[in-house]
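All heavy atoms count here, side chains included; hydrogens, waters and symmetry mates do not. Order of listing sets the numbers, starting from 1, for every ligand and every atom in it.
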Amino acid sequence: MPIPSPLRPPRAGAALPRPGHQDPCPHSHVPPPPPPTAAGRSGAAGGGGGGWEPRPRPRRPGGPASHSPARAPKIYTGTGDAGFSSTFTGERRPKDDRIFEALGTTDELNSAIGLASEFSSEKGHTFVEQLHKVQCMLQDVGSNIATPLSSAREAHLKRTSFSEKPVLELEQWIDKYSEQLPPLKAFILPSGGKSSTALHFSRAVCRRAERCVVPLVQAGEADPNVAKYLNRLSDYLFVLARYAAMKEGKEEKIYIKSEP
Ligand SMILES: Nc1ncnc2c1ncn2[C@@H]1O[C@H](COP(=O)(O)OP(=O)(O)OP(=O)(O)O)[C@@H](O)[C@H]1O
């Protein structure tokens, strides 16, 4: 059964975001990310992997005629069943390729932040707007990861570049929250209420995403700003976790060395 994922591109026939159209994420600094598979499938279908225009699914003999009422497009194709999937550049790679490992971990990170954001929203934290912006940025991170430089063409790069700007923005946020926090006197443990603990959990997933991305950057496959962004993001999530605990008046548990 396919796992619904924000990285899952719309299937053929579904409305796809296009350059110049309303960006579904107002904070995004690049156009909506292109769906990796759509391009890959175009490529696999002999289209050269160039575009990501939706292609009509071939009609099965005896299948519905084109004037039949539109059916909801299926989200599965089964093309990944043999353990291979597509990059945005149209390459077919095994699913345990480090690109999919990094893509999947970024997706996991986005989900963890989504959960932290929901807990934080229940407590009225205003930083949830920032978390929304981060979630959008992680889509852009995914687009960059799904576009290995070795097989990317100019058009791919134009759509999936990742600048240093969001890194600098994270630094501003980190500085703003850090100034308000009590100084650290001991190792703190993931704790301090649900918002705080979910933010700590997101931080740990973020560090795993960073570990997945670093080899891609070192191989020249992903943009160094993506690794920088993830590195800064884990610091942001750390200070935010502490800030959430402080605002909610929740105690942060500290490490206590057990007696020998
Ligand atoms: N297990 C995975 N982990 C991370 N990324 C994946 C994984 N499988 C696929 N992807 C990426 O996410 C995109 C969307 O996933 P999707 O499940 O549609 O691919 P698929 O498994 O190749 O196709 P299908 O599910 O239709 O058989 C793929 O094009 C690929 O870039």
Side-chain angles (χ1 to χ4, degrees), residues 1-17 24 30-60 71-114 135-153 155-157 159-162 202 205-217 219 221-223 226-227 230:
M1 191 166 138
I3 302 162
S5 150
L7 295 174
R8 179 182 294 282
R11 295 301 186 198
L16 290 176
V30 295
T37 306
R41 288 195 178 124
S42 301
W52 48 280
E53 287 296 307
R55 297 196 170 194
R57 278 163 133 13
R59 190 158 63 87
R60 267 185 288 114
R71 279 205 194 144
K74 288 193 157 88
I75 68 156
Y76 55 86
T77 63
T79 52
D81 290 354
F84 288 79
S85 198
S86 303
T87 66
F88 174 47
T89 55
E91 279 182 68
R92 296 288 290 171
R93 294 196 183 198
K95 288 209 183 192
D96 62 357
D97 187 277
R98 58 190 181 181
I99 284 198
F100 299 126
E101 191 62 42
L103 263 184
T105 311
T106 306
D107 188 18
E108 217 177 308
L109 169 60
N110 211 337
S111 305
I113 291 177
Q135 288 190 285
C136 293
M137 212 53 74
L138 288 174
Q139 293 291 118
D140 296 341
V141 163
S143 294
N144 189 272
I145 292 170
T147 311
L149 290 182
S150 54
S151 55
R153 291 189 288 113
H156 295 127
L157 297 177
R159 306 224 33 178
T160 60
S161 65
F162 196 92
S202 304
V205 179
C206 183
R207 284 160 74 89
R208 183 151 54 85
E210 182 191 7
R211 292 197 296 277
C212 292
V213 162
V214 164
L216 295 176
V217 171
E221 293 279 63
D223 195 305
V226 168
L230 293 173

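Close to ligand 1: Ser86, with a non-hydrogen atom less than 4.0 angstrom away.
Every atom of ligand 1 is numbered from 1 in the order shown, and the set under 4.0 Å from a heavy atom of Thr79 is 23 (O), 27 (O). Within ligand 1, the atoms closer than 4.0 Å to a non-hydrogen atom of Gly104 are 4 (C), numbered from 1 in the order shown. For ligand 1, the atoms lying closer than 4.0 Å to a non-hydrogen atom of Tyr76 are 26 (O).
Nearest-heavy-atom check against atom 8 (N) of ligand 1 across Lys95, Glu101, Arg93, Arg92 picks out Lys95. Between atom 26 (O) of ligand 1 and the options Ile99, Asp81, Thr77, Ile75, the minimum heavy-atom separation is to Thr77.
Ion pair Glu221/Arg98 not flagged as a salt bridge, since none of the NZ, NE, NH1 or NH2 atoms sits closer than 4.0 Å to an Asp/Glu carboxylate oxygen.
Here the side chains of Leu149 and Leu157 are in contact, with some heavy-atom distance below 4.5 Å. Considering only heavy atoms from C-beta on, Leu109 stays 4.5 Å or farther from Thr105 through its side chain.
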Show your reasoning for whether side chain to side chain contact (heavy atoms under 4.5 Å, CB included) applies to Arg92 and Thr79.
CA-CA 10 Å; Arg92 296 288 290 171; Thr79 52; 4.2 Å; yes
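The backbone N or O of Leu138 sits nowhere less than 3.5 Å from a side-chain atom of Asn110 that would complete a donor-acceptor pair.
Remark: ligand 1 and Leu103 share no N or O pair separated by less than 3.5 Å (distance only, no angle test).
Residue Arg208 places its CZ atom among more than 12 non-hydrogen atoms of other residues, nucleotides or ligands, all under 6.0 Å distant.
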